[in-house]
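Counting starts at 1 for both ligands and their atoms, following the listed order. The structure displayed is predicted, hence computed values, not measured ones.
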Amino acid sequence: MGEFDLIARYFTRPVHQAALGVGDDCALLAPAPGMQLAISSDMLVEGRHFFADVDPEALGHKALAVNLSDLAACGARPLAFTLALALPRVDEAWLAGFSHGLLALADAHGCELVGGDTTQGPLNLCITVIGEVPPGQALLRSGARPGDDIYVSGTLGDARLALSALLGHIALPADVLARARQRLERPTPRVALGLALRGIASSAMDVSDGLLGDLSHILQASRAGACIDVDAVSKLIAASAYAESAEGQFDVELLRQCTLAGGDDYELAFTAPPARRDAVATAAQASGTPVSRIGTVQAEPGLRLVDAQGLAVEHRYASFDHFR
Ligand code: ADP
Ligand code: MG
């Protein structure tokens, strides 16, 4: 199978909203009049972001999910995406699984594949997503103000827990690993929550490299600091029932490491004034996404960690950095 047959078979579908999809030199989009475009790219590299033998269907899902998560963090509605793909060889079973996972998530979000590039080379995927947002309504990192509440959506730390088990650093029962692995391999982009938080959240970003590291980007952009309740965060691991069971007995440091700095969570971290607590709860409910309050923005720069009793906890939870 040649390059163009491959594109035709696995990556060409009729478009609905776009004016022109795959097949010409450019795709053409027709955003609603007056909207701003929100654009973001994420690359996934074999051996760096995923194991060589990962289920291709899950990889297709994740490649788009991590990009949709960036649109969610900005409160943008997904429109379309492009896919740049380097493949070592044409493996039809792999391509069928990959495109299935990719396009199923695309359909679920009404986000159309409108173009891309396909080349031979070490397995590497780069997606660029395009969304739309009314002018002035995008959620930015720079809007947090002292006194704002800090929230995070969903669950944290399970992806890191699964990774640690897959790397052989810790042992997990098969059922606990299977559930945690779902979070690692099939993250849920919080698009509906991002849309619901327009006009409510003062700042937002998605948690991809680890909560504390990502929060520090919000704080830096907003020129503020924060106090975070690490016990409130540790509870957000979906595997908490296991962690608290007699056999689970995770050491508290492992739980903190996973939830505070684990990475690959693709949840939203955001801030909002205390006066908007009801509005945040309504947005969470309307979008079917649980959110938890985990701290407070402060004027003094830096991150301060406390436990449930309010006692200071030393900050030694480094988030992921490709070059460290
Ligand atoms: P060009 O030579 O103009 O760069 P290509 O020959 O690379 O175009 O691609 C032909 C068409 O197929 C273009 O419309 C391009 O956007 C699309 N395309 C190529 N690879 C992919 C892919 N992996 N997914 C979706 N569309 C693709
Ligand atoms: Mg061309």
Query raised in the report: Will you find, in the side chains of E267 and S153, an N or O donor that is under 3.5 Å from an N or O acceptor?
Result: yes
Requested in this report: Using non-hydrogen atoms of the residue, decide whether Y10 is closer than 4.0 angstrom to ligand 1.
Outcome: no
Ligand-side contact atoms (ligand 1) for residue partner [X], heavy atom cut-off under 4.0 Å:
X: T118; answer: 19 (C), 20 (N), 21 (C), 22 (C), 23 (N)
X: F4; answer: 6 (O)
X: D117; answer: 7 (O), 19 (C), 20 (N), 21 (C), 23 (N)

Query raised in the report: Hey, is I7 touching ligand 1 through its side chain, its backbone, both or neither, going by heavy atoms under 4.0 Å?
Result: side chain
Residues [X] and [Y] bridged, charged N to O under 4.0 Å:
X: D265; Y: R183; value: no
X: R256; Y: D231; value: yes
X: R13; Y: E112; value: no

Query raised in the report: Do the rings of F270 and Y151 sit parallel, tilted or perpendicular, given the 30° and 60° boundaries?
Result: parallel
Report task. Please work out which of D25, D24, T12, L102 has its closest non-hydrogen atom nearest to atom 13 (C) of ligand 1. Result -> D24
Query raised in the report: Is G23 close to ligand 1, meaning an N/O of one under 3.5 Å from an N/O of the other?
Result: yes
Requested in this report: Apply side chain to side chain donor-acceptor pair (under 3.5 Å) to R304 and list each qualifying residue two or more places apart in sequence or on a separate chain.
Outcome: Q298
